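Right, one structure below, let's go through it.
The residues of the chain are indexed from 1 along the displayed sequence. Worth knowing before you read on, the calculation uses all heavy atoms, side chains too, and leaves out hydrogens, waters and symmetry mates. Please read these numbers as outputs of a predicted model, since none were measured by experiment.
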Amino acid sequence: AYRRQRQMCIRDRSVTAACCMASCNYLDVVPDETADLPDAMKDRASTLGFLHSCYTYFEWFYTVENSFINSTDEYARPLLWADDGQKAAWNQLSPSSQTAPWNSCYDGIGRCHLFMDQLDKSNPTGVTESDKRRWKAEALFCRALYHFMLLESYGPIPLVTEHYNQNLDKKDFPGRSHFDVCVDSIAEWFDRAAFELPPTVQNSELGRATSTACKALKARLLVYAASPLWNGSFPYSNWKNTNFETPGYGKELVSRTYDENKWKRALTACNEALDWALTQGNRKLFDLATSTSIRINQGVPLPNIEGVDDQFKESVMLMRYLNTTRETDGNKEVIFAIGSGDNYGIYSQIPHGVTTYNGSPVGGWGGIAVFLNSVERFYTKNGKLPQYDHSFPDKSDWFESAGLSNPDIIKLNVNREPRFYAWVCYDGGEYSSFIADGSPLILEARNSQKHGYNPDRYNRDNNATGYFSKKRIQPNFQWRSQDNGNNYAHTPLAVIRLAELYLNLAECHAALNNKQDVLDNLNIVRNRAGIPDLELSDINSDMSLMDWVRSERYAELWFEGHRYFDARRWTIAPEVFKAGVREGLNAIAKKDPSFREFNQRVKVDQPFMWTNKMYLLPINDSEIYSNPQLVQSPEY
């Protein structure tokens with residue numbers, strides 16, 4: 001990674017603002033002294049294009065649908081897809097095969113350093129000193145976030161703080177710094193960047209760094225650093241450097257004792273980030289009035305959910321529009337977002353047979369299969385987990401027909417919270433009210449000619465659990481029978497949004513046992529989702545204070561890439577990601593199953609497992625061999 005970082009080349013001399021450049025292979029060396037680099041900063045437009053290229057490496061990491069971070073207890077993918085997320089969940093990542101995000105992030109860091117170095121050396125026409133200060137701060141923000149992404153994935157990492165000379169001796173390569181030093185360094189970079197950046201951006205600048213994003217991501221960083229994995233509970237007590245030393249820490253890499261002050265520091269940062277977002281960053285939770293206005297303007301009807309009123313249905317639509325609208329639509333909840341998603345992730349969720357074209361069924365792949373683990377962790381309409389809501393059917397009756405007009409709907413899927421109906425679909429439920437050529441699509445998950453298991457027609461793309469995801473499917477999405485086309489609108493992927501700031505603050509208060517402060521912050525998120533407030537009496541033998549924090553975070557941030565890291569930093573991954581705990585309905589045992597055959601709890605038949613080495617990703621062998629200062633992640 002250091003060779004790659006030092007040998008960054010620019011293949012596209014224009015370094016376009018579209019940010020479509022790919023980093024070169026590290027063997028394909030163009031020295032820094034080449035005339036190509038000044039060409040990339042000859043004027044304001046080309047310099048901005050170079051700056052934009054510093055952001056390009058984020059998208060792979062945060063594209064949840066095809067990244068290693070989808071290896072959780074949220075959803076399964078068809079066995080034959082065998083993508084990085086599945087391999088991560090199956091413990092099949094190895095030092096010989098694993099390169100990302102290590103290479104991508106260090107390539108991004110190298111691009112940032114190259115930009116800052118060249119900006120000092122160049123004098124682009126039309127670029128002011130104010131521009132330079134802001135643009136350097138943007139590159140510093142990107143450098144900080146790339147390091148944070150590496151820290152989440154690999155634990156202690158080498159801190160790359162400059163663009164290294166190509167002739168740097170191997171003995172001078174940086175090794176892993178102590179985790180706490182990594183945290184301090186990244187936090188300080190976010191602080192420095194925030195000082196020069198505007199609190200918010202508009203129009204063509206959307207997607208660029210802001211001081212609000214700096215403060216929000218710094219707060220997340222410090223919450224992670226205060227969490228059990230990095231605050232006294234790291235499972236490998238003897239893991240340390242062999243050559244490289246961190247000043248003040250020697251060869252140690254992880255602190256071995258719990259420090260409450262880490263939570264206090266995180267709490268301060270969370271308070272500052274939230275206050276800044278609300279008062280300076282013009283951020284606010286996406287609300288019902290905005291959602292309803294968008295829905296009416298698009299001509300999208302309310303969903304068909306039996307037994308609930310229109311106000312409840314409006315809350316469902318609010319949560320659907322939350323992740324499928326932009327700031328230009330009036331959604332001011334997102335603090336920092338990247339890219340625009342891809343068709344792959346959307347088609348992975350949409351069922352087969354949405355409509356017909358030339359007499360044949362057409363639609364998506366339907367491969368994203370929501371685990372029962374997720375279904376059971378969304379609340380009932382009373383804001384409680386189904387197993388602890390005494391007004392909800394007994395667990396022994398969950399898979400019986402609910403006795404509604406559609407007899408396929410089971411009791412587990414009735415009287416649930418709005419987020420459940422917004423993001424998950426089940427046999428007999430409405431997937432979307434506009435998707436089937438302008439008409440509703442009612443899911444027929446047992447029908448092989450519709451959306452159910454059909455290995456003859458779809459040998460790779462069958463839903464393994466009987467539950468489908470629709471979190472990032474826009475409510476006005478329409479698959480047209482006329483031309484087999486659709487109107488999918490690419491929406492940027494939210495890296496961090498305002499609701500997380502309330503959840504992070506609640507977690508800090510829970511760690512410090514500030515009960516009412518926890519409830520106050522959780523209730524802000526719950527109110528927006530359309531579920532009742534928590535009260536002190538809800539903290540009991542069923543659900544502890546931290547249980548409520550983790551439960552709310554699971555539901556609100558479901559399918560947004562958080563669970564992979566949350567389960568690890570809380571050190572609950574050995575329990576929730578182990579073999580035999582991921583379950584679904586009996587959806588792929590046979591074609592056209594009966595109601596009773598389909599509605600059974602079964603283990604999802606994939607080689608899921610957990611070993612503690614999965615806390616961290618392995619570093620590619622080539623990096624270990626080329627850098628004598630670098631130690632491998634434990635047990636690899």
Side-chain angles (χ1 to χ4, degrees), residues 64-66 70-71 74-87 89-90 341-372 374-375 408 423-432 435-437 439-473 477-481 483-486 488 559 582-595 597-600 602-608:
V64 178
E65 293 90 346
N66 63 353
N70 73 42
S71 60
E74 294 177 312
Y75 56 92
R77 303 166 69 76
L79 182 67
L80 294 179
W81 287 9
D83 59 26
D84 280 350
Q86 291 168 288
K87 292 174 183 176
W90 302 341
D342 55 26
N343 291 345
Y344 178 86
I346 296 301
Y347 295 163
S348 295
Q349 297 180 69
I350 295 173
H352 306 301
V354 172
T355 186
T356 58
Y357 174 68
N358 287 341
S360 299
V362 293
W365 308 330
I368 300 295
V370 181
F371 288 123
L372 272 174
S374 287
V375 171
D408 290 337
W423 300 334
V424 178
C425 194
Y426 46 84
D427 191 28
E430 182 183 272
Y431 188 84
S432 194
I435 192 171
D437 208 11
S439 298
L441 178 69
I442 305 302
L443 192 66
E444 297 185 44
R446 293 189 290 115
N447 187 337
S448 63
Q449 301 307 306
K450 292 284 189 175
H451 321 118
Y453 177 61
N454 189 334
D456 301 321
R457 179 179 290 169
Y458 311 110
N459 66 319
R460 287 173 49 87
D461 303 333
N462 288 285
N463 184 289
T465 67
Y467 283 95
F468 290 68
S469 167
K470 53 180 176 176
K471 183 156 189 180
R472 302 198 76 245
I473 309 300
F477 185 94
Q478 180 181 0
W479 207 297
R480 301 184 298 267
S481 60
D483 60 358
N484 192 25
N486 62 69
Y488 170 53
F559 202 73
R582 295 169 173 89
E583 298 178 325
L585 298 179
N586 195 28
I588 56 174
K590 61 179 293 188
K591 289 175 63 175
D592 304 307
S594 67
F595 177 91
E597 290 171 329
F598 180 86
N599 288 296
Q600 299 179 40
V602 298
K603 307 294 183 185
V604 175
D605 188 16
Q606 293 188 23
F608 299 116

For this session: Would you check, one step at a time, whether the test side chain to side chain contact (heavy atoms under 4.5 Å, CB included) holds for Ile473 with Tyr488?
Result: CA-CA 8 Å; Ile473 309 300; Tyr488 170 53; over 6 Å; no
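- Pairs of residues two or more places apart, or lying in two chains, that qualify as salt bridge (Lys or Arg N to Asp or Glu O under 4.0 Å) and include a residue from residues 443-457 are Asp408-Arg446, Asp427-Arg446, Asp456-Lys591.
- For the residue pair Ser374 / Glu74, no side-chain donor-acceptor distance below 3.5 Å is found, with atom types taken as modelled.
- Distance alone, capped at 3.5 Å, places no donor-acceptor pair between the Asn447 side chain and the His451 backbone.
- Rounding to the nearest 0.5 Å places SG of Cys425 at 12.0 Å from CD1 of Ile350.
- Ser481 is linked by a side-chain contact (heavy atoms from CB on, under 4.5 Å) to Thr355, Asp437, counting only residues two or more places apart in sequence or in another chain.
- Rounded to the nearest 0.5 Å, atoms NZ (Lys603) and CG (Leu372) are 10.0 Å apart.
- Judged by distance alone, with hydrogens and angles left aside, the side-chain atoms of His352 form no donor-acceptor pair with the main-chain N or O of Val362 at under 3.5 Å.
- A donor-acceptor distance shorter than 3.5 angstrom exists from the side chain of Thr465 to the backbone of Val370, with no hydrogens or angles considered.
- A donor-acceptor pair under 3.5 Å is absent between the side-chain atoms of Gln449 and the main chain of Pro361, judged by distance alone.
- For the atom pair Asn586 CG and Ile588 CD1, the distance stands at 8.5 Å (nearest 0.5 Å).
- Minimum heavy-atom separation, Pro78 to Gly367: CD-O, 3.2 Å.
- Between Tyr347 and Trp365, the two ring planes are perpendicular [angle over 60°; tilted spans 30° to 60°].
- Taking CG from Asn484 and CH2 from Trp479, the interatomic distance works out to 6.5 Å, rounded to the nearest 0.5 Å.
- For the pair Asn462 (side chain) and Asn454 (backbone), a donor-acceptor distance under 3.5 Å is present.
- Shortest non-hydrogen contact noted between Ala587 and Gly466 is CB-N, 3.4 Å.
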For this session: Tell me, with the steps shown, if Phe559 and Ile368 meet side chain to side chain contact (heavy atoms under 4.5 Å, CB included).
Result: CA-CA 11 Å; Phe559 202 73; Ile368 300 295; 4.0 Å; yes
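- For Leu79, the side-chain contact (heavy atoms from CB on, under 4.5 Å) partners two or more places apart in sequence, or in a different chain, are Trp90, Gln606, Pro607.
- With values rounded to the nearest 0.5 angstrom, Ser432 atom OG is found 9.0 Å from Phe477 atom CZ.
- Nearest approach of Phe608 to Phe371, heavy atoms of both residues: CZ-CZ, 3.9 Å.
- Across Gly85 and Ser71, no two heavy atoms sit closer than the pair O-CB, 2.9 Å.
- Below 30°, between 30° and 60°, or above 60°: for Tyr431 and Phe468 the angle between ring planes is above 60°, a perpendicular geometry.
- For the pair Arg460 (side chain) and Leu80 (backbone), a donor-acceptor distance under 3.5 Å is present.
- If you take CG on Leu443 and NZ on Lys470, they are separated by 9.0 Å, rounding to the nearest 0.5 Å.
- Formation of a donor-acceptor pair under 3.5 Å by the Gln349 side chain with backbone atoms of Ile346 is not found in this model.
- The minimum heavy-atom distance between Ala76 and Val604, with the atom names listed, is CB-CG1, 4.4 Å.
- A pairwise comparison of heavy atoms in Gly353 and Leu441 identifies O-CD1, 4.3 Å as the closest pair.
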